[in-house]
Amino acid sequence: MFVDEVDIQVQAGDGGKGCMSFRREMRVPRGGPNGGDGGQGGSITVVASAHQNTLVHYRFHPEFKAERGQHGLGSDCTGAGGSDLELEVPPGTVVYEKNGDELIPLADLRQVGDRALVARGGRGGRGNAAFATSTNRAPRRTEPGWPGEQRTLRLRLKLLADVGLVGYPNAGKSTLISRISEARPKIADYPFTTLTPNLGVVQLSDDRSFVLADVPGLIEGAHEGHGLGTKFLAHLERTKVLVHVIDVSSASGRDPVEDFEVICRELELFQGSGDDTAESLATKRRIAAANKIDALDDPERLTQLKKHLKKKKVPLFAISSASGEGLPQLLEAMWKEVSREPEA
């Protein structure tokens, strides 16, 4: 099960209580206070791990509490600190604090090993030995431990990919990613076969490689929730280039030029994920792939698409995901865009 957004509750450990104790030994009159401090409560940290690729674990286990600190002891012994708790998430996870309807960004964990402290453990209370003074040599005062931080968090996963595939349902995106990578998405001849994003690593000559993401197909009105909506477009926010996969065969019953314009409008209307890490998909570099040329029965459909994209200055590659025709040229074009230096 692919889960890319969850809400969880985290509670750091409380600090231990300070101890009230007095030294009592033979031949040591007025031994004085020796109550130790309480231990520090355990903290909670979110860590990006290579062993995780979904947030499904947190869907069924949404509450986490770190260990509290031990109470102080006599003989000036400080209580043991509570064990810290680490929550592993996939790289690309953004962590927010949920405050009512407001989301406050806390961390963007893009690389394996990135970590963020999300709930700090409470400080231990002081024992009575800490309050001894020259005028108060037998204090009977201690402190309780401070409570650990408690937060409601939202974890939102955004896949880390270099290239993103967009297009109508049944345009051939899943077939394309299965042809050029080791990804094995579900492929069928009905709309919305792809229900979750798929990632694949494309290997080229000279040890070149990049990561390709395929998201469920878009239709007109997706920004209003039609079809599967735009809930998966957030996974394309970090891509460097988008590839429009367009079905140029007559089987779809749609005009390829209109298909391209509809997808462009939906990308322009996509408002991101409602957070400060959202990037506009409308301004990303684009490549168009005219797919299913092996089933092209009306060459005029491809000709009109070429004319239209030439005006838009969008490079077009005629391909067949089924037969492999045109794929080497498309892959080289993808690599060229991926390896380009980002614009200032």
(request) Decide yes or no on side-chain contact (heavy atoms from CB on, under 4.5 Å) for F64 and L87, but give the supporting numbers first. (result) CA-CA 9 Å; F64 298 89; L87 307 181; 3.6 Å; yes
(request) With side chain to side chain donor-acceptor pair (under 3.5 Å) as the test, would you mind laying out the steps for D7 and T152 before giving the verdict? (result) CA-CA 7 Å; D7 290 343; T152 299; over 6 Å; no
(request) Begin with the C-alpha distance, continue with both residues' side-chain angles, and end with the deciding distance and a verdict on side-chain contact (heavy atoms from CB on, under 4.5 Å) for V95 and L109. (result) CA-CA 8 Å; V95 184; L109 310 178; 4.3 Å; yes
(request) Would you check, one step at a time, whether the test side-chain contact (heavy atoms from CB on, under 4.5 Å) holds for Y168 with R254? (result) CA-CA 10 Å; Y168 262 85; R254 301 187 304 268; 3.3 Å; yes
(request) Report the C-alpha distance between L296 and L302 in whole Å, list the side-chain angles of each, state the deciding distance to 0.1 Å, and finish with yes or no for side-chain contact (heavy atoms from CB on, under 4.5 Å). (result) CA-CA 8 Å; L296 182 61; L302 180 57; 4.0 Å; yes
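Residues satisfying the ring pair (Phe, Tyr, Trp, His ring centres under 6.0 Å) test with H244, not counting sequence neighbours, are F260. Legend: residues meeting side-chain contact (heavy atoms from CB on, under 4.5 Å) with A129, ordered by chain and number and at least two apart, are D76.
A donor atom on one side chain and an acceptor atom on the other are found under 3.5 Å apart for E67 and S83. For S21 and N34, the side-chain atoms include at least one donor-acceptor pair closer than 3.5 Å. A donor atom on one side chain and an acceptor atom on the other are not found under 3.5 Å apart for T78 and D37. Neither side chain, D297 nor S249, offers a donor N or O lying under 3.5 Å from an acceptor on the other.
E337 has no carboxylate O lying under 4.0 Å from a charged side-chain N of K284, or vice versa, which leaves the two without a salt bridge. Using a 4.0 Å cut-off between charged side-chain N and carboxylate O, R154 and E97 make no salt bridge. A salt bridge is defined here as a Lys NZ or Arg NE, NH1 or NH2 lying under 4.0 Å from an Asp or Glu carboxylate O, and K65 with D14 fails to meet this definition. A salt bridge between E332 and R208 is present, with a side-chain N of the basic residue lying under 4.0 Å from a carboxylate O of the acidic one. Between K312 and E261, at least one side-chain N (NZ, or NE/NH1/NH2) sits under 4.0 Å from a carboxylate O, which counts as a salt bridge.
Minimum interatomic distance between I104 and N99 (heavy atoms only, all atoms of both residues): CD1-CB, 4.3 Å. Closest approach of A12 to I44, counting heavy atoms only: N-CD1, 4.1 Å. Among all heavy-atom pairs drawn from K306 and L316, the shortest one is CG-CD2, 3.3 Å. For the pair P33 and A132, the tightest heavy-atom approach, listed with the atom from each and the gap, is CG-CB, 3.8 Å. Between S320 and D294, the closest heavy-atom pair is OG-OD1, 3.0 Å. Minimum heavy-atom separation, I319 to G326: CG2-O, 3.6 Å.
Using modelled atom types, one side-chain atom of D114 and one backbone atom of Q111 make a donor-acceptor pair closer than 3.5 Å. S75 places no side-chain N or O within 3.5 Å of a backbone atom of C77 that could act as its donor or acceptor partner. Listed for the T93 side chain is a donor-acceptor partner under 3.5 Å among the backbone atoms of P90. Without hydrogens or angle criteria, N291 side chain to S321 main chain gives a donor-acceptor distance under 3.5 Å. The closest donor-acceptor contact from the side chain of N128 to the backbone of R141 lies at 3.5 Å or more, if one exists at all. With hydrogens and angles disregarded, a donor-acceptor distance shorter than 3.5 Å links the side chain of H71 to the backbone of K17.
Note: H61 and H57 have perpendicular aromatic rings, judged against thresholds of 30 and 60 degrees for the angle between ring planes.
In this structure, the side chains of V10 and L85 stay at 4.5 Å or more apart for every pair of heavy atoms. At a threshold of 4.5 Å between non-hydrogen side-chain atoms, the residues L117 and S43 count as touching. Contact check for E258 versus V262: side-chain heavy atoms found under the 4.5 Å cut-off. Contact annotation: the side chain of Y96 never approaches that of R151 to less than 4.5 Å [non-hydrogen atoms, C-beta and beyond].
Grouping the Ile, Leu, Val, Met, Phe, Trp and Tyr side chains by contacts below 4.5 angstrom, directly or via other members, places V163 with I180. Using a 4.5 Å cut-off between side-chain heavy atoms of Ile, Leu, Val, Met, Phe, Trp and Tyr, with links allowed through other members, V202 and V241 fall into the same hydrophobic cluster. In the hydrophobic clustering of this structure, I293 does not group with V243; members are Ile, Leu, Val, Met, Phe, Trp, Tyr whose side-chain heavy atoms approach within less than 4.5 Å, directly or through other members. Cluster membership for V47 and V89, using ILVMFWY side-chain heavy atoms within less than 4.5 angstrom, is not shared. In the hydrophobic cluster analysis, where Ile, Leu, Val, Met, Phe, Trp and Tyr join through side-chain heavy atoms closer than 4.5 angstrom, F210 is grouped together with F317.
Going from atom CG of L212 over to atom CG of L165 covers 4.0 Å, rounded to the nearest 0.5 Å. Distance check: L305 CG to E300 CD gives 11.5 Å after rounding to the nearest 0.5 Å. Atom CE of M334 sits about 3.5 Å away from atom CG of L330, to the nearest 0.5 Å. Rounded to the nearest 0.5 angstrom, R301 CZ and I246 CD1 are separated by 11.0 Å. In this structure, Y58 OH and Q9 CD are separated by 14.5 Å, a value rounded to the nearest 0.5 Å. Distance check: S323 OG to L327 CG gives 7.5 Å after rounding to the nearest 0.5 Å.
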Which pairs of donor and acceptor atoms, one on a side chain in residues 118-127, lie under 3.5 Å apart (sequence neighbours left out)?
residue : atom : partner : partner atom : Å
R126    : NE   : E143    : OE1          : 3.2
R126    : NE   : E143    : OE2          : 3.2
R126    : NH2  : E143    : OE2          : 2.8

